[in-house]
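Here the structure is laid out as structure tokens; the discussion comes afterwards.
Fair warning: this is a prediction, and the values are worked out from it, not measured in the lab.
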Amino acid sequence: MEDLGLFKIDRPLVLFVNGKRVEDTNPNPECTLLVYLREKLRLCGTKLGCAEGGCGACTVMVSKVDRKTGQLQHLAVNACLTPVCAMHGMAVTTVEGIGSTRTRLHPVQERIAKAHGSQCGFCTPGIVMSMYALLRSSPVPSMKELEPGIKGRKPIESREKSGSDTFHTLVPKSAQLFEKVASDQAATDPIRRPQVHASAYKQVTGEAIYCDDIPRFSNELYLAFVYSTKAHAKIISIDPSDALQEEGVHRFFSADDLTDEQNRLGPIIEDERVFAKDVVFCHGQIIGAIVADNATAAKKASRKVKVVYDELTPVVVTLEDAIACKSFFPENPLRLEFGNVDGAFQSAYKIVEGECRTGAQEHFYLEPIACIAFPRDSDEIEIISCSQHPAEAQRKVANALGLPFNKVFSKVKRLGGGFGGKETKVDGVVTPVALAAYRLQRPVRCVLDRTDDMGSTGTRHPFLVRYRVAVNKDGLLLAGEYKAYSNAGYSRDLSFSVMQRAILHIQNAYKIPNVRIEGWVCRTNLPSCTAFRGFGSPQAMFIAENVIRHVAVELQCDPVSLMELNLYQDSGDVTHYNKAIESCTVRRCWDQLLTSSDYVNRRTSVESFNKLNRWRKRGIDVVPTMYGIAFNVPALDQSGALVHVYQDGTVLLAHGGVEMGQGLHTKMIQVAATALQIPFDWIHCSETGTDKVPNTSATAASVGSDLNGAAVLEACRKLLTRLEPYRKANPDAGWTAWIKSAYLDRVALSATGFYATPDINYDLSTNTGNPFHYYTFGAACSEVEIDCLTGDHQVLRTDIVMDVGSSINPAIDIGQIEGGFMQGYGMFMLEEMIYSPKGEVLSRGPGTYKLPGFGNIAGELNVSLLTGAPNPRAVYSSKAIGEPPLFLASSVYFATKAAIAAARLEEGVQGNFNLIAPASAARIRMLCTDSITQKVQNEEADENGSWNVMA
């Protein structure tokens with residue numbers, strides 16, 4: 001109690017930030033260190049990702065003296081949870097305090113940048129500071145210090161004691177193999193080289209600007225939403241009077257402020273609303289918006305808006321419920337039939353039937369949805385957002401405000417991750433913010449809290465597929481009949497496009513000569529599901545892999561041999577959507593993978609391990625992939641570019657794609673640098689804007705590099721044509737001299753480029769035309785160990801072989817492969833969205849939603865890019881890579897399933913079994929049948945029902 005006397009209320013808060021003394025005579029005790037750093041000190045390198053200490057984007061180092069030992073302590077802390085007043089007398093170091101691009105980088109920053117350790121970069125400052133704090137405390141950290149809470153493995157004395165151990169973090173091993181550039185390629189030519197991400201140094205120093213890092217305007221307001229608290233109900237009344245009485249509140253907006261036409265929203269069919277009117281169809285649907293002086297006031301007032309409901313029935317949440325009550329959109333079903341399906345089933349040696357289920361997956365981009373809107377003239381407005389589709393944001397805002405498109409300027413600097421979740425869902429935030437800014441003639445900002453983001457913006461589509469396949473006695477697939485159901489949520493969004501892509505990928509890389517598919521898009525009372533990396537194909541290819549293994553069980557044959565029997569050939573095969581396959585490298589990837597992973601010998605080792613261990617089991621499995629590249633909507637398969645050359649020879653590049661961590665800007669600079677034959681550093685790509693390149697498509701479908709790269713190349717070729725006379729006249733003068741001469745001769749040093757993917761014309765209703773430009777192929781092998789008593793698992797090793805054509809940037813492509821694989825690992829193994837039976841999203845942050853972390857990366861991860869496989873259909877013979885690797889993570893799922901099968905065999909349980917994805921610890925444990933699980937009964941739900949359901 002004596003120490004409390006040292007604290008006096010009339011003394012200021014004193015702390016040191018990056019070595020500078022900070023005094024505050026009137027600190028807000030409710031203010032967190034994160035808010036203080038960002039808003040008061042304008043140190044925006046520290047990011048807000050989740051506000052619950054789960055993502056690490058807000059990590060800073062706090063230094064203090066231990067009063068007992070007198071030693072200086074350096075601690076990595078979550079600034080989002082730390083009250084700024086708790087920092088009295090302490091020193092805080094942020095990412096800005098350890099290095100800068102204008103001075104020099106700290107070795108941690110430099111190593112992460114040069115080792116290609118950042119992608120979207122939003123959480124990179126937090127990673128930097130975690131490493132920095134550890135090194136300040138322990139200059140040569142041990143593995144135990146690197147992975148807090150690690151426990152050493154105890155010696156196993158017998159087969160039965162294997163269950164008493166816990167998993168520990170493996171010492172990481174990895175290899176990345178790619179094709180070297182030609183020996184005669186100029187050193188300054190960056191194409192096909194592992195060029196560091198163009199923003200890497202800004203990302204590691206916290207200098208990279210994201211939407212909410214943009215400084216506040218002096219007269220800026222903040223918008224907070226009023227969300228529905230019912231999943232299906234009539235709106236009887238909305239009363240904002242109490243909210244409007246709050247200090248600092250300026251306005252309440254609702255459907256009453258828009259005409260019915262202005263209130264329409266939706267990417268294809270406009271069956272959503274900017275503000276719900278009359279009826280709400282899901283928990284978390286936007287009803288209104290409060291605009292106030294700041295975020296605190298706006299959020300507080302939004303909770304005081306009174307909404308009276310009259311609840312409606314039914315409330316449909318799960319796929320099973322939707323199927324039972326036939327809750328389908330009227331356009332259903334999508335159908336495809338190819339070959340003589342009935343004849344194939346009649347001649348079959350065996351018919352195998354089953355079903356597969358996958359759940360929802362949250363995008364969990366580290367940067368929450370954010371936007372700023374401000375009026376330029378009385379009839380112009382500019383919006384800065386984190387949209388993957390700035391042109392669509394422009395169109396939606398223009399419609400709501402009654403403005404022509406040419407008076408709405410939509411811009412994006414960079415995204416802190418997107419994964420499809422920012423393709424359409426940002427429109428529902430941007431439009432109300434722009435409305436408020438336009439009506440009030442003041443800048444307005446909005447940043448969704450993580451809980452609201454997860455609770456209202458939708459997920460990957462859950463799928464249920466019931467299959468029936470025919471095979472001959474050797475296991476050759478003769479026919480497949482499928483009924484696929486997806487949970488779309490309350491509106492269509494992109495759900496029918498997702499279902500179509502699923503239908504076109506349901507065979508994965510296997511030839512099925514006769515196919516019949518029905519795809520049903522289910523309407524439920526959940527936030528509308530939307531685009532997610534893979535766009536329906538992972539759920540569909542998952543069916544193909546389950547089918548092939550189910551057939552192997554029924555025929556009692558080796559699944560790998562069965563896969564090899566049914567894989568597409570190099571050329572000549574025709575898909576079930578009537579496309580002849582050319583340059584199919586899936587067998588090359590497959591054969592190389594089996595060799596490089598030492599699959600045969602390791603499978604024998606796995607079998608030996610399983611004989612020696614009762615409560616630990618291992619599994620190993622391999623998976624191929626074949627991913628079609630194109631939007632397969634002709635109007636979307638186009639893009640443009642704008643290239644300016646200035647008098648000093650430097651180049652400003654703009655194109656239709658959005659940088660969201662995939663290295664698109666970096667690749668486009670490489671394309672331009674190689675085309676113009678100038679150094680990489682002479683070219684800059686600033687932002688994506690509708691005032692630079694109009695009418696762009698979303699940065700999605702993995703085609704960003706293909707579309708924009710070809711457009712950039714065309715623009716560069718136009719410039720080269722104009723400069724050719726100066727090159728010929730003075731070949732030794734160099735680029736800068738040629739530019740100066742061209743300028744003096746009044747030659748245009750700005751050029752546009754345009755590209756449209758040829759021959760994309762597929763029609764599902766007739767099953768004719770071409771849906772894809774080409775395919776990206778790959779294969780993966782994973783080995784997993786499971787704990788049969790807890791359901792825990794560990795990925796011991798993963799090997800991946802990927803055909804990316806002639807890679808524009810091997811480092812970026814390998815990063816995309818590894819990142820996509822880990823996101824797929826989350827989908828198939830960890831990430832389980834939980835809902836209440838009444839439709840409320842219960843998974844609202846990292847504390848209630850299990851995301852992959854560093855500890856989940858395979859102990860050994862090897863990635864090889866297939867060599868000698870140029871792709872003539874894309875820029876510089878490259879291939880799309882953003883989405884194709886994600887499905888390869890199902891190799892972990894199937895290896896886990898093999899390990900479970902080994903555990904079941906211990907109890908004499910054989911045959912096929914259904915493992916719902918994600919393969920959570922609970923599901924793994926309960927399928928590892930033993931005397932304990934046999935005591936657990938699946939009791940009927942009580943009259944109140946289960947507290948949670950799977951969508």
How far apart are the closest heavy atoms of [X] and [Y], and which atoms are they?
{"X": "Cys386", "Y": "Val426", "answer": "O-CG2, 4.0 Å"}
{"X": "Ala711", "Y": "Ser639", "answer": "CB-O, 3.8 Å"}
{"X": "Gly418", "Y": "His363", "answer": "O-CD2, 4.1 Å"}
{"X": "Ala400", "Y": "Leu258", "answer": "O-CD2, 3.6 Å"}
{"X": "Arg501", "Y": "Ser537", "answer": "CG-CB, 4.3 Å"}
{"X": "Cys371", "Y": "Cys211", "answer": "CA-SG, 3.6 Å"}

Consider only side-chain N and O atoms of [X] and [Y], and report whether a donor and an acceptor are under 3.5 Å apart.
{"X": "His197", "Y": "Ser118", "result": "no"}
{"X": "Ser491", "Y": "Ser528", "result": "yes"}
{"X": "Asp763", "Y": "Ser765", "result": "yes"}
{"X": "Ser385", "Y": "Ser387", "result": "no"}
{"X": "Thr101", "Y": "Glu207", "result": "yes"}
{"X": "Thr431", "Y": "Asp427", "result": "no"}

Between the main-chain N or O of [Y] and the side-chain N or O of [X], is there a donor-acceptor pair closer than 3.5 Å?
{"X": "Glu883", "Y": "Ser702", "result": "yes"}
{"X": "Asn399", "Y": "Glu261", "result": "yes"}
{"X": "Glu714", "Y": "Phe754", "result": "yes"}
{"X": "Arg533", "Y": "Gly420", "result": "no"}
{"X": "Gln441", "Y": "Tyr438", "result": "yes"}
{"X": "Asn809", "Y": "Ala811", "result": "yes"}
{"X": "Glu382", "Y": "Phe409", "result": "no"}
{"X": "Trp738", "Y": "Asn730", "result": "yes"}
{"X": "Lys879", "Y": "Tyr775", "result": "yes"}
{"X": "Lys396", "Y": "Leu265", "result": "no"}

Item to complete: Could you please spell out the steps behind the side chain to side chain contact (heavy atoms under 4.5 Å, CB included) verdict for Asn871 and Tyr774?
Response: CA-CA 9 Å; Asn871 174 34; Tyr774 62 87; 3.5 Å; yes
At what distance, to the nearest 0.5 angstrom, does [atom1] of [X] lie from [atom2] of [Y]?
{"X": "Asp212", "Y": "Cys44", "atom1": "CG", "atom2": "SG", "value": "7.5 Å"}
{"X": "Lys422", "Y": "Met660", "atom1": "NZ", "atom2": "CE", "value": "10.0 Å"}
{"X": "His461", "Y": "Cys529", "atom1": "NE2", "atom2": "SG", "value": "5.0 Å"}
{"X": "Ile669", "Y": "Ile683", "atom1": "CD1", "atom2": "CD1", "value": "6.5 Å"}
{"X": "Asp189", "Y": "Thr674", "atom1": "CG", "atom2": "OG1", "value": "3.5 Å"}
{"X": "Thr424", "Y": "Ile268", "atom1": "OG1", "atom2": "CD1", "value": "9.5 Å"}

Worksheet entry | His644 and Tyr646 aromatic ring geometry - parallel, tilted or perpendicular at 30°/60° bounds |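 The arrangement is perpendicular - the two ring planes meet at more than 60°.
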Find out whether [X] and [Y] are in side-chain contact, i.e. whether some heavy atom of one side chain is under 4.5 Å from a heavy atom of the other.
{"X": "Thr776", "Y": "Asp803", "value": "no"}
{"X": "Gln539", "Y": "Gln361", "value": "no"}
{"X": "Pro885", "Y": "Met802", "value": "yes"}
{"X": "Glu423", "Y": "Thr530", "value": "no"}
{"X": "Tyr876", "Y": "Leu713", "value": "yes"}
{"X": "Arg727", "Y": "Trp735", "value": "yes"}
{"X": "Val433", "Y": "Ile383", "value": "no"}
{"X": "Tyr755", "Y": "Val875", "value": "no"}

Fill in: Derivation and outcome, side-chain hydrogen bond (donor to acceptor under 3.5 Å, both in side chains), residues Asn632 and Gln500
CA-CA 10 Å; Asn632 84 58; Gln500 177 169 314; 3.1 Å; yes
Item to complete: Determine the sole option in Leu642, Leu664, Val671 for which the side-chain contact (heavy atoms from CB on, under 4.5 Å) test with His655 is passed.
Response: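 Of Leu642, Leu664, Val671, side-chain contact (heavy atoms from CB on, under 4.5 Å) with His655 is met by Leu664 alone.
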Worksheet item: Just wondering, more than 12 heavy atoms not from Lys740 lying within 6.0 Å of its NZ?
Response: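 Result for NZ/Lys740: open.
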Practice prompt. Take Gln203 and Thr124 through the test side-chain hydrogen bond (donor to acceptor under 3.5 Å, both in side chains) and record every step on the way to the result.
Written response: CA-CA 6 Å; Gln203 291 170 344; Thr124 302; 4.9 Å; no
Fill in: Ring centroid separation Phe772 to Tyr577 under 6.0 Å
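So the answer is yes for these two rings.
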Item to complete: Could you tell me if the ring centre of His505 sits under 6.0 Å from that of Phe535?
Response: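 Between His505 and Phe535, the centre distance exceeds or equals 6.0 Å.
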Discussion item. I'd like to know whether Lys411 forms a side chain to side chain contact (heavy atoms under 4.5 Å, CB included) with Asp691, so could you lay out the CA-CA distance, the side-chain angles of the two residues, the decisive distance to 0.1 Å, and finally the verdict.
Written reply: CA-CA 8 Å; Lys411 297 182 178 181; Asp691 57 344; 3.4 Å; yes
Practice prompt. Apply side chain to side chain contact (heavy atoms under 4.5 Å, CB included) to the pair Val693 and Asn708, showing each step before the final yes or no.
Written response: CA-CA 11 Å; Val693 180; Asn708 296 291; over 6 Å; no
Item to complete: Please assess Asp813 against Lys667 for the test salt bridge (Lys or Arg N to Asp or Glu O under 4.0 Å), listing each intermediate value before the final yes or no.
Response: CA-CA 10 Å; Asp813 285 349; Lys667 285 186 174 182; 2.6 Å; yes
Worksheet entry | Candidate pair Cys120 and Glu367, rule side chain to side chain contact (heavy atoms under 4.5 Å, CB included), full reasoning | CA-CA 9 Å; Cys120 83; Glu367 175 201 27; over 6 Å; no
Discussion item. So that I can tick it off, tell me whether Lys47 and Asp213 are bridged by a salt bridge, with the cut-off set at under 4.0 angstrom between side-chain N and carboxylate O.
Written reply: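 A salt bridge links Asp213 with Lys47.
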Discussion item. Test of understanding: with salt bridge (Lys or Arg N to Asp or Glu O under 4.0 Å), list the residues that count as partners of Asp706, not counting sequence neighbours.
Written reply: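 Expected list: none.
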Worksheet item: Sequence neighbours excluded, which residues qualify as salt bridge (Lys or Arg N to Asp or Glu O under 4.0 Å) partners of Arg492?
Response: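 Residues passing salt bridge (Lys or Arg N to Asp or Glu O under 4.0 Å) with Arg492: Asp271, Glu331.
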